[in-house]
Amino acid sequence: MGMRKLVPVVAIATALSAWPATAGESVKPSVTHDCFSVARRPADIVFACGDAGFRAEDLRWRHWGRERAVGRGRFLFNDCDPGCAVGRLRERRGRIRLLDPQWCEDAAVTVFSVAHIRYDRAWQGRRRVIWTLDCPMEL
């Protein structure tokens, strides 16, 4: 094998070893569960970081894989009636699927970036919600 063929192979191997861990074959993603830190199979997830007015509690996970996670739990949300500062927390039980693993550069971790939630009964005419999940915030 001549030097010309060896250099590209070495360059590719070096580049791949420096590639960040992603939702590839050996990495199971986490989820940003409290706005600041990540976990796998957390019991709780805060979706609305400003006031925790939308969150999941008592989560039980049936599956946690590289491409998706599937679980059930309670979903609490502020009805903001008459305003969010004085609104009541409403509850629905339901299912959650976490999808779309994404690399968070600043935290050096892969997290699920989308939550598909299906309630057991409608709230304001909707039984399904799709929520975008963020990388953990820095303190």
Side-chain angles (χ1 to χ4, degrees):
M1 180 183 254
M3 188 57 109
R4 280 189 191 167
K5 292 182 182 179
L6 183 59
V7 172
V9 171
V10 171
I12 291 170
T14 303
L16 289 176
S17 68
W19 193 264
T22 61
E25 293 182 31
S26 62
V27 176
K28 288 186 180 175
S30 298
V31 64
T32 304
H33 71 97
D34 66 358
C35 304
F36 299 99
S37 57
V38 298
R40 287 191 190 110
R41 297 181 180 265
D44 305 316
I45 298 175
V46 175
F47 298 108
C49 290
D51 64 357
F54 179 40
R55 63 185 184 266
E57 294 182 349
D58 303 325
L59 291 170
R60 285 180 232 124
W61 299 98
R62 185 179 69 187
H63 172 79
W64 196 281
R66 291 181 286 272
E67 297 298 322
R68 67 184 172 96
V70 179
R72 300 183 72 78
R74 293 185 315 128
F75 298 89
L76 302 162
F77 39 91
N78 188 338
D79 67 7
C80 292
D81 183 25
C84 293
V86 293
R88 292 179 32 204
L89 281 179
R90 303 295 180 159
E91 177 181 326
R92 295 288 186 270
R93 295 203 169 273
R95 296 182 298 195
I96 183 171
R97 282 186 306 140
L98 302 178
L99 304 165
D100 198 16
Q102 298 292 318
W103 176 251
C104 294
E105 186 70 34
D106 292 341
V109 66
T110 300
V111 299
F112 288 110
S113 66
V114 176
H116 287 246
I117 300 165
R118 182 173 178 165
Y119 303 129
D120 60 349
R121 56 194 162 93
W123 167 251
Q124 296 181 332
R126 296 174 60 191
R127 287 191 64 176
R128 296 174 190 242
V129 174
I130 298 175
W131 197 268
T132 301
L133 301 167
D134 295 318
C135 290
M137 295 188 285
E138 294 184 26
L139 293 174

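In this structure the side chain of I117 reaches within 4.5 angstrom of the side chain of F75, judged on heavy atoms. The side-chain heavy atoms of R121 and R92, taken from C-beta on, include a pair separated by under 4.5 Å. Using a 4.5 Å heavy-atom threshold, the side chains of I96 and L59 count as touching. Counting heavy atoms from C-beta outward, R55 and L89 have side chains that approach closer than 4.5 Å. Annotation: side chain of W61 is not in contact with side chain of H63 (no heavy-atom distance under 4.5 Å). Within the 4.5 Å cutoff, the side chain of E138 has heavy atoms near those of the D106 side chain. Side-chain contact between P29 and V111: absent, with no pair of heavy atoms (C-beta onward) separated by less than 4.5 Å.
Note that CG of D134 is 7.0 Å distant from SG of C49, once rounded to the nearest 0.5 Å. Here the CG-CG distance, from D34 to D44, works out to 9.5 Å after rounding to the nearest 0.5 Å.
Scanning for side-chain contact (heavy atoms from CB on, under 4.5 Å) contacts around R74 gives E57, D58, L76, E91, R93, with sequence neighbours left out. Residues passing the side-chain hydrogen bond (donor to acceptor under 3.5 Å, both in side chains) test with D79 are R90, sequence neighbours excluded.
When the side chains of ILVMFWY residues are joined at heavy-atom separations under 4.5 Å, either directly or via intervening members, L98 and F54 end up in a single hydrophobic cluster. Linking Ile, Leu, Val, Met, Phe, Trp and Tyr residues whenever their side-chain heavy atoms come within less than 4.5 Å leaves V31 and V38 in two separate clusters. Residues I45 and V129 share a single hydrophobic cluster, defined by chaining ILVMFWY side chains whose heavy atoms lie under 4.5 Å apart.
Judged by distance alone, with hydrogens and angles left aside, the side-chain atoms of S113 form no donor-acceptor pair with the main-chain N or O of L133 at under 3.5 Å. Between the side chain of R40 and the backbone N or O of K28 there is at least one donor-acceptor pair closer than 3.5 Å. At least one donor-acceptor pair closer than 3.5 Å links the side chain of W131 to the backbone N or O of F47. Remark: the backbone N or O of Y119 is paired with a side-chain donor or acceptor of R127 at under 3.5 angstrom. No side-chain donor-acceptor contact under 3.5 Å links R126 to the backbone of W123.
The 12-atom threshold is exceeded at CZ of R118, counting heavy atoms of other residues, nucleotides or ligands nearer than 6.0 Å.
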- What's the verdict on ring pair (Phe, Tyr, Trp, His ring centres under 6.0 Å) for F112 and W64, showing C-alpha distance, side-chain angles and the deciding distance? CA-CA 11 Å; F112 288 110; W64 196 281; 5.6 Å; yes
- Task: Output, in order, the C-alpha distance, side-chain angles, deciding distance and verdict of side chain to side chain contact (heavy atoms under 4.5 Å, CB included) for R95 and V70.
- Result: CA-CA 7 Å; R95 296 182 298 195; V70 179; over 6 Å; no
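Of all heavy-atom pairs between R66 and V27, the closest is CG-O, 3.2 Å. Closest non-hydrogen pair, P136 versus S37, comes out as CB-N, 4.1 Å.
Listed by first and then second residue, the disulfide bond (SG atoms under 2.5 Å apart) pairs that reach into residues 52-86 are C80-C84, sequence neighbours excluded.
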